[in-house]
There are 2 protein chains.
Amino acid sequence: MTSAAAVKSADVELTRRAAKVVPGGMYGHQAIRNMSAAYPQFFAAGEGALITDVDGNEYVDLMCSWGPVVLGHRDPVVTQAVRTQMEMGDCLDGPGPVLVDLAETVVDVVTDADWVLFGKNGTDATTACLTIARAHTSRSVVLVARGVYHGAAPWCTPVPAGTLASDRAAMGYFDYNDSDDFDRAVEAAGSDLAGVMLTPFRHVEGEDQDLVDVEFARHVRRRCDERDALLIVDDVRCGFRLAHGGSWEPIGVRADLSAWSKAIANGYPLAAVTGQEALREAASTVFLTGSFWMNSTPMAAALATIRRLGDIDGVSLMRRAGARLRAGILAQAADNGLTIAYTGPDVMPYVTFSGDVDRERMTYFAETALRSGVYLHPKHNWFMSCAMDDAVIDRALRGTEVAFAEVRKRFGPN
Amino acid sequence: MTSAAAVKSADVELTRRAAKVVPGGMYGHQAIRNMSAAYPQFFAAGEGALITDVDGNEYVDLMCSWGPVVLGHRDPVVTQAVRTQMEMGDCLDGPGPVLVDLAETVVDVVTDADWVLFGKNGTDATTACLTIARAHTSRSVVLVARGVYHGAAPWCTPVPAGTLASDRAAMGYFDYNDSDDFDRAVEAAGSDLAGVMLTPFRHVEGEDQDLVDVEFARHVRRRCDERDALLIVDDVRCGFRLAHGGSWEPIGVRADLSAWSKAIANGYPLAAVTGQEALREAASTVFLTGSFWMNSTPMAAALATIRRLGDIDGVSLMRRAGARLRAGILAQAADNGLTIAYTGPDVMPYVTFSGDVDRERMTYFAETALRSGVYLHPKHNWFMSCAMDDAVIDRALRGTEVAFAEVRKRFGPN
């Protein structure tokens, strides 16, 4: 067992300073108060499948910065595209030619895209989809699955502090993969149903993941068609990782609108909305803008990322890495007499220990893995990247092997 | 008269391609359908106070990318900071040390900041202020001045397409600088008044600008204190340009919360919320996050920008440039027997021709200035940058001199 994460002095010092000038010490999904105090809060570097914290501890990064890093940290092709674009222009009085190159590439690659527009945050994209759906249909109600994350805006944030009931006045809720409950929500919306927003599968922090039931997806598509309502696929977390042309491309269920971000530019700030031809007019009437939405360098990064993912068949590489990780972890759990649930697609897996009250086993597992050089999250799905070759996965598995043995030693079999 | 903007073939071709893959051909505030068809849509490069469109036409950039560019395009100090940060890490599993350095610097520089947190869009910052105010007060109503821009989210967008009345259910409105109308709105909110959001002065597209009446600002502050409501200054457009420590620092009216973006990182995507100590707890309870909110390169850009603005006294440089531009333009107008209104602070001026029905004169003025190598907007305020030395302003004035003469020739005196 290595001593990674044993040294934490620089992190402690930065954390002490941050506590004075940042509310709660840190904000957002990467705040370690949401994870475990054993975790470092601050990072210094990333390279390929590895990250290094501010104390010099190196980890195999199974979180991929919570999704954005899809080719690997500091992918040389993307970095070069960014450097080249920086030599020209970035934030100007209008977009650069790269916007058009990127838009054509997205429309070419994404099955359901006849057009595209770009923002910065995933929440920009999901909110724009909601607004475009309402503009197109002149109706109000948008249905989403209970508990599913669509962003941090008042209409969708999982934390209600500071939001109002009126922010969610026209939202309806149903259980993912439950056609009967979905139909009930559709009936409740009546003639005011503007659309339905769905993630490609059910990925909810702290819960085992559910793949989409293809019959459910087809049912939703059918109901939307019957009601002239729109089907919006929130591909922010899954896009360009589950499938190259859209996460529901393999199951053949068409999206009217799709929201993208995270992996689209390998970590550079970009989001996108794509849509079918019928939505083009509505999309042009909604005011969608931001001070940096036309910046060229994130677009250059996205163009390089999408092309590279196509060139190397990135989805297949990530599936291979994910399958190797799954097989290794399931074997290690079994060897230690531990029962785990390994849920979701291989490229975005989630692991829980059966009967793990208060997540004690998983927290200890994650902390031990961390000390063994593997950065993974105890209650959020992990992500594969194209930089994870067999050697990287085997290195990760050497860390999880230690972690499983430690869990077995401390808690016994479950 | 030069022939700048005479050549437009690359722009025409990109525009043709964009029309196929982008709704309406282009979206957002930089879409030239909102300006004049004479304008180029696409830009290739920027350097200092100059921008170059995709056909190689060079302009003095009086728009500064609509605000973000405050030191000048591709400022070498900022570019080097970004390059250095890129050699380390950008989008990792947590923030880098630069977040702490930047947060300390903001808290040090901004008079009303005891803490800070960072997002990507100006709308992220204004929305967070709204939410934090509601979380802190457990009340709903936020008052804003009629017609004033606070972002593109459903609660504040100037274009209602796709939004619902419920998105604005808890908003109240009053006339800027009108204490009586403000008091009426306060009374209407009653015991449910959470806060008031104000821009440092009244800058509304298509309207002459109004500087803030200091007595009005003090009146709002007093009423907020009486009602235990919060005063939120939306410094997204003015911040780091009107004054280094906050746009209302010179008038001594305290903000409880402030929203920042645009100029904070000289064009790199960053926004910020700052607040007083009393708001720290509420700010830590609201869920504020985005996939790229912890990215280090925009923070490195911001740190370099804010330090550089301090080192060179950027505000004074921009005031000097703005005063020179104003004096020159007023003289040129008078020389041509043309009556104009030159409103707003010198660093963010706005020009209209008196009695200019349908904006015919201003549109022609802007188009002629464009052909003479000056990029300015016919119905939006302009921005000064620190790259605008006397020679740049004189170059701009040579273009506006031609434009005034052409307006006089075509329309006669007004």
Side-chain angles (χ1 to χ4, degrees), chain A residues 14 17-18 21-24 27-30 41-46 51 54 63 65 68 88-95 97 100 103-104 107 115 117 120-122 131 134-135 140 152 157 159 161-162 164 166 169-170 261-262 267 269 280 283-294, chain B residues 14 17-18 21-24 27-30 41-46 51 54 63 65 68 88-95 97 100 103-104 107 115 117 120-122 131 134-135 140 152 157 159 161-162 164 166 169-170 261-262 267 269 280 283-294:
Chain A
L14 284 165
R17 288 168 54 198
V21 288
V22 176
Y27 49 92
H29 60 284
Q30 292 186 340
Q41 178 65 77
F42 294 92
F43 289 87
I51 48 170
V54 288
M63 286 305 289
S65 306
M88 298 184 285
D90 180 33
C91 181
L92 299 166
D93 284 315
V100 182
E104 288 174 344
V107 167
W115 52 263
L117 51 83
K120 292 285 102 177
N121 302 309
T131 313
R134 287 172 174 163
S140 305
T157 177
V159 180
L164 309 174
S166 55
S261 185
K262 287 204 182 274
R280 188 191 289 263
S284 76
T285 65
V286 174
F287 189 59
L288 301 165
T289 203
S291 296
F292 314 110
W293 286 23
M294 296 300 181
Chain B
L14 284 164
R17 288 168 54 198
V21 288
V22 176
Y27 49 92
H29 60 284
Q30 293 186 341
Q41 179 65 77
F42 294 93
F43 290 87
I51 47 169
V54 287
M63 287 305 289
S65 308
M88 298 184 285
D90 181 34
C91 181
L92 299 166
D93 284 316
V100 182
E104 288 174 344
V107 167
W115 52 262
L117 51 83
K120 292 285 103 176
N121 302 309
T131 313
R134 287 171 173 163
S140 305
T157 177
V159 180
L164 309 175
S166 54
S261 185
K262 287 202 181 276
R280 188 190 291 264
S284 76
T285 65
V286 173
F287 189 58
L288 301 165
T289 202
S291 296
F292 314 110
W293 286 23
M294 296 299 180

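From a predicted model like this one, the values you see are computed outputs, not experimental measurements. We name chains A, B, ... by the order of the sequence lines, and we start the count at 1 in each one.
When each of D93(A), T289(A), T131(A) is scored by its heavy-atom pairs under 4.5 Å with chain B, the top score falls to D93(A). Comparing A169(A), G267(A), S166(A), A283(A) by heavy-atom pairs within less than 4.5 Å of chain B, the highest count is held by G267(A). When each of P23(B), A44(B), G28(B) is scored by its heavy-atom pairs under 4.5 Å with chain A, the top score falls to P23(B). Ranked by heavy-atom pairs shorter than 4.5 Å toward chain B, the options W293(A), W115(A), Y27(A), F287(A) are led by Y27(A). Ranked by heavy-atom pairs shorter than 4.5 Å toward chain A, the options V21(B), V159(B), V286(B) are led by V21(B). Top candidate by heavy-atom pairs under 4.5 Å with chain A, chosen from M63(B), K120(B), M294(B), Q41(B), is M294(B). In terms of heavy-atom pairs under 4.5 angstrom with chain B, the leader among G89(A), A135(A), G94(A) is G94(A). Of the residues considered (A161(A), A152(A), S65(A)), S65(A) shows the highest number of contacts with chain B, using heavy-atom pairs under 4.5 Å. Highest contact tally toward chain B, considering only G24(A), P68(A), G122(A), is held by P68(A) [criterion: heavy-atom pairs under 4.5 Å].
Note: Q30(B) CD to S291(A) OG = 9.0 Å, rounded to the nearest 0.5 Å. Separation of atoms CG (N121(A)) and NZ (K262(A)) is listed at 10.5 Å; rounding is to 0.5 Å.
By the 4.5 Å heavy-atom criterion applied to side chains, R17(A) and L14(A) are counted as neighbours. Two residues are said to be in side-chain contact when any heavy atoms from C-beta on lie closer than 4.5 Å; P95(A) and F42(B) meet this criterion.
With a 4.5 Å cut-off on non-hydrogen atoms, V22(B) touches chain A through its backbone and its side chain both. With a 4.5 Å cut-off on non-hydrogen atoms, V54(B) touches chain A through its side chain but not through its backbone. Looking at T285(B), the atoms closer than 4.5 Å to chain A (heavy atoms on both sides) sit in the backbone and in the side chain alike. Looking at L164(B), only its side chain comes within 4.5 Å of chain A, counting heavy atoms on both sides. In this structure, chain A has heavy atoms under 4.5 Å from both the backbone and the side chain of L92(B). Of the atoms belonging to F292(B), it is side-chain heavy atoms, and not backbone ones, that fall under 4.5 Å from chain A.
Checked by atom type and distance alone, the side chain of S140(A) never pairs as donor or acceptor with a backbone atom of A170(A) at under 3.5 Å.
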